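To start, the structure itself, in structure tokens.
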Amino acid sequence: LDRWGRKIEKFALVAVRTQSGLPVHSLLKVERKISYHAVSTDFFWIGGAGRSSMAGQCTKFATGALKNAIKLTINGRNVQVPRGSTLLAAIQKSGAHIPTLCFHPEFKPRAVCRLCMVEIAGSSKPVPACYTPAQDGLVVTTDSADLKAYRRRDLEFLLSRHPNECMRCEAAGNCKLQDLVQEEQIMDVWPKSSRGSPKHPEHCLHDHTSPSIFRDIDKCINCGLCVDACAAQRIDAIGFAERGAGRVNVTAFDKPLAETGCISCGQCTLRCPVGALIERPDWHRVLDVLDSRSRKTVVQTAPATRIAIGEEFGLDPGTISTGRLVNALRALGFDYVTDTNFSADLTIMEEANELVARVKGEREGKLPLFTSCCPGWINYVEIHRPDLVPHLSTTKSPQQMHGAVLKRGPFARAMGLSEDPYVVSIMPCTAKKDEAERPGMSGDVDAVVTTRELAKMLRHRNVRFASLSADGVFDSPCGESSGAGAIFGASGGVLEAALRTAAHILDLDNAPLEVKQVRGVKRGVKIAAIEGVGAVAAVSSIGSAVELLQEESWKDLLMIEVMACPGGCLGGGGEPKSDDPDILEKRAEGIYKIDATAAIRRSHENGEVQQLYDECLEHPLSEAAEEMLHTVYLPRGSVREKLALFLDAVDHRDGAKAARLFEDTGVWRMNLPNIAEIHGKQEIENFISTKLPPQPPRHTEWHRHRMASPHEGTDVRMPTGQIVHFDVELDSDTGLIRSLTRIVQ
């Protein structure tokens, strides 16, 4: 089938394993005459008209690959690798070890750290193994006395430009430079010098403006991996400036990261080998709350986290650690441990019904419907492509639905608390920190910690994760889930889950349960034609989405899932760091195993979700569901965004936050009988902080302002239910509010 579902040619699925362990992507470089499409490391589609023809082609394919393998010697050992391999790959194949700081298998080698230098017999100078092609007959040495001395000097130089803050650094224990310095016992022997240049003070070394990512460039080693990661995402929010000793990592036009095109995906933090780029650390304040035991605490955990967390404690990648994770969270002191997979099922109930309603013309919004679960994708649309806002599903992500249900649903009311519970989410994603602070949703989730941060919490409280029993179970309600909720963690999973329930809504009894055409963790676009539904697509990585949107063909699709990170949440910016090129495939195996063995595999079969509708929400897309489970979108820098930020500050009685949106002489015209208008940002702050009545706990009758349309305009649904229009005037230079006027109808 081609990308639109039309039959074009017969293919066979072929499994390939060769004597040299040659991966498929290397085989394809050897024999280019055969029609192919790579599926994974060991599988690919190969063209042919019949079985005998395919068998013959496969034999020719593998034979040609083996003939093109090359042999060389590493430290006296004979090694065979595919032609086109680097010396580093050959060294790793031999079992020898050399250090690297700037290498990652996903990106083209830069060879800037120079730690992987090796000697080749007959060559006058050492060469970088990560960059140098392996050639037949080479004799390579990795451990001569000269090489070891060179690496020590290299590390001494790097240490001289690195602050000695390991005891406080967030990357401590997960820093490649720290590991090498400790392993080689490197001392401070050179005078200390800082990154950057006094001639260019505009290059800021410390930037904590982003709600998701902290930049501490004095710790940077100029490896370039963050720049490569951002470029692969087609965002290019960071790069390098200056040359020589003054070379420094910078943002676009030296703006604070929060003011660039950064979408908070965190791929830069995932690739940074040191502590120069990290997720905003929130685990400290979560431990403070847990230690005090003064508030009831509720935690939710994402589907991808239970697969990856074990890697931090020596378990094999792909290990399903659900029970251990539940027990670990209880050991930390959480009062209630709930499952984000529950709210993933809830998301599908709303999103699948929204899709059907849009197809029938019964709901505002355009087709194709874009999924809304990935906050990095939402950031991209609002920052770079606001024209796509009408295509976005209005359903909240599972994280934000879960927070709303916990604080404003029957769960919170059943606990009978005098104050709101403290809600924490454990996520594979750095952009979830950003999402938790969005206008209209802020406060439903109190803190977001990544999988890596959770590992730190467990280590600091001496919770021996790998030794825990695997018998932990989630609390109820908000603990039951289906297999469809589990596959949210993988690229294509949200789309596949939505199709399962959409088929049920449309009475398509013969619709396939599994849509394997949209599965896969590699960057790219996967398209499937679903009988009775239409053509749909799953997009893995924001860079692939950028490429898809440059064509017109996306407009012919019915539904498109976009995950900002390669492989979806399994490759999220907050997941454990790994140099394993197959790490995402291994994690995906765990995710799909959960689905395959689940007692229920469709979101609409979740009993707790059905109970929530019966007792609280009535039915999908009901008025109650719209208020609790749906959201709005705000093109960045627009009057609509400024209005939403202001109203969110009013809802939280945060006068200082509201005042920061105004010019010093800004005016708030309320046009009320007792208050006409307020002049000056200081008076606006005082009024909101001291004059407005305090808000009640969220689990009581707590209502907030909502934009009347999810996509456009400045009409607002007031907490009373009344629709009111606002006029907003912004200063063209500063973007601050000059005047905000409530229009009385």
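Residues: numbered from 1 along the sequence shown. Computed from a prediction, not measured in an experiment: that's the story for all the values here.
Contact annotation: the side chain of Leu355 approaches that of Leu558 to within less than 4.5 Å [non-hydrogen atoms, C-beta and beyond]. Looking only at side-chain heavy atoms (C-beta outward), Glu575 and Pro428 come within less than 4.5 Å of each other. You'll find the side chain of Ser210 reaches within 4.5 Å of the side chain of Ser264, heavy atoms only. Looking at Phe488 and Cys569, their side chains never come closer than 4.5 Å, going by heavy atoms from C-beta outward. No side-chain heavy atom of Leu548 sits under 4.5 Å from any side-chain heavy atom of Val562. Residues Leu367 and Val359 are in side-chain contact: their nearest non-hydrogen atoms beyond the backbone lie under 4.5 Å apart. Looking only at side-chain heavy atoms (C-beta outward), Asp228 and Arg271 stay at 4.5 Å or farther from each other. Side-chain contact between Pro620 and Glu350: present, with at least one pair of heavy atoms (C-beta onward) separated by less than 4.5 Å.
In this structure, Glu351 CD and Leu629 CG are separated by 12.0 Å, a value rounded to the nearest 0.5 Å. Taken to the nearest 0.5 Å, the OG1 atom of Thr322 stands 5.0 Å off from the CZ atom of Arg306. Expressed to the nearest 0.5 Å, how far CZ of Arg280 lies from CD of Glu453 amounts to 9.0 Å. With rounding to the nearest 0.5 angstrom, the CG atom of Leu645 is 9.5 Å from the OG atom of Ser442. In this structure, the separation between CD on Glu259 and CD1 on Ile383 is 11.5 Å, given to the nearest 0.5 Å. The structure places NZ of Lys432 at 8.5 Å from OG1 of Thr340, a figure rounded to the nearest 0.5 Å.
Every pair passing salt bridge (Lys or Arg N to Asp or Glu O under 4.0 Å) that includes a residue from residues 369-385 is listed here, sequence neighbours excluded: Glu382-Arg438, Glu382-Arg636, Arg385-Asp387.
Residues Glu589 and Lys593 are not paired through a salt bridge, judged by the lack of any N-O separation under 4.0 Å between the basic side chain and the carboxylate. Under the 4.0 Å criterion applied to side-chain N and carboxylate O atoms, Lys433 and Asp282 are assigned as salt-bridge partners. Between Arg706 and Glu627 there is no salt bridge, since no side-chain N of the basic residue sits under 4.0 Å from a carboxylate O of the acidic one. Using a 4.0 Å cut-off between charged nitrogen and carboxylate oxygen, Lys366 and Glu712 do not count as a salt-bridge pair. A salt bridge does not link Arg587 to Asp580: none of the charged side-chain nitrogens sits closer than 4.0 Å to a carboxylate oxygen. Residues Glu514 and Arg500 are not paired through a salt bridge, judged by the lack of any N-O separation under 4.0 Å between the basic side chain and the carboxylate.
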Requested in this report: Tell me, with the steps shown, if Thr371 and Leu495 meet side-chain contact (heavy atoms from CB on, under 4.5 Å).
Outcome: CA-CA 8 Å; Thr371 58; Leu495 178 60; 5.6 Å; no
Report task. Give the intermediate values and the outcome of side-chain contact (heavy atoms from CB on, under 4.5 Å) for residues Phe103 and Thr86. Result -> CA-CA 12 Å; Phe103 174 78; Thr86 63; 5.8 Å; no
**Report entry** Derivation of the salt bridge (Lys or Arg N to Asp or Glu O under 4.0 Å) call for Lys516 and Glu496
**Finding:** CA-CA 8 Å; Lys516 294 186 178 180; Glu496 186 174 345; over 6 Å; no
Requested in this report: Give the C-alpha distance, both sets of side-chain angles, the deciding distance and a yes or no for side-chain hydrogen bond (donor to acceptor under 3.5 Å, both in side chains) between Arg452 and Thr269.
Outcome: CA-CA 11 Å; Arg452 293 196 298 267; Thr269 71; 3.3 Å; yes
Requested in this report: Apply the test side-chain contact (heavy atoms from CB on, under 4.5 Å) to residues Asp444 and Gln399: give CA-CA distance (whole Å), side-chain angles for both, the deciding distance (0.1 Å), then the verdict.
Outcome: CA-CA 9 Å; Asp444 289 344; Gln399 170 183 272; over 6 Å; no
Requested in this report: Evaluate the criterion side-chain contact (heavy atoms from CB on, under 4.5 Å) for residue pair Phe342 and Leu612; output intermediate values, then yes/no.
Outcome: CA-CA 11 Å; Phe342 159 82; Leu612 180 63; 4.3 Å; yes
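For the residue pair Ser425/His402, the side-chain donor-acceptor check at 3.5 Å is not satisfied. Side-chain atoms of Thr394 and Arg363 include a donor-acceptor pair closer than 3.5 Å. Under 3.5 Å, the side chains of Glu364 and Ser709 contain a donor-acceptor pair of N or O atoms. Ser343 and Gln300 share no donor-acceptor pair across their side chains, judged by distance under 3.5 Å alone. Ser393 and Thr395 are linked by a side-chain donor-acceptor pair at a separation below 3.5 angstrom, with hydrogens and angles left out of the test.
The minimum heavy-atom distance between Lys396 and Ala404, with the atom names listed, is NZ-CB, 4.1 Å. The heavy-atom pair separating Lys526 from Gln517 by the smallest distance is CB-O, 3.4 Å. Of all heavy-atom pairs between Gly571 and Leu584, the closest is CA-CD2, 3.6 Å. Here the shortest heavy-atom pairing between Ala302 and Asn341 reads C-OD1, 4.3 Å. Contact detail for Thr501 and Ala352: the closest heavy-atom pair is CG2-CB, 3.8 Å.
Judged by distance alone, the side chain of Ser321 and the main-chain N or O of Leu325 form no donor-acceptor pair under 3.5 Å. Remark: side-chain polar atoms of Thr430 are paired, donor with acceptor, to backbone N or O of Cys265 under 3.5 angstrom. In this structure, the side chain of Arg601 engages the main chain of Asp595 through a donor-acceptor pair within 3.5 Å. With Thr251 contributing its side chain and Ile238 its backbone, the two residues share no donor-acceptor pair below 3.5 Å. In this structure, Asp579 contributes its side chain and Pro105 its backbone to no donor-acceptor pair below 3.5 Å. A donor-acceptor pair under 3.5 Å is formed between the side chain of His104 and the backbone N or O of Ser578.
Not counting sequence neighbours, the partners of Phe214 by the ring pair (Phe, Tyr, Trp, His ring centres under 6.0 Å) test are His208.
Ring pair Tyr380/Trp377 is parallel by interplanar angle, where below 30° counts as parallel and above 60° as perpendicular. Between Tyr633 and His711, the two ring planes are parallel [angle under 30°; tilted spans 30° to 60°].
Evaluated for a side chain to side chain contact (heavy atoms under 4.5 Å, CB included) with Pro576, the options Ile583, Leu270, Thr451 yield exactly one hit, Thr451.
Heavy-atom contacts from other residues, nucleotides or ligands closer than 6.0 Å to NZ of Lys577 number more than 12. The 12-atom threshold is exceeded at CD of Glu437, counting heavy atoms of other residues, nucleotides or ligands nearer than 6.0 Å.
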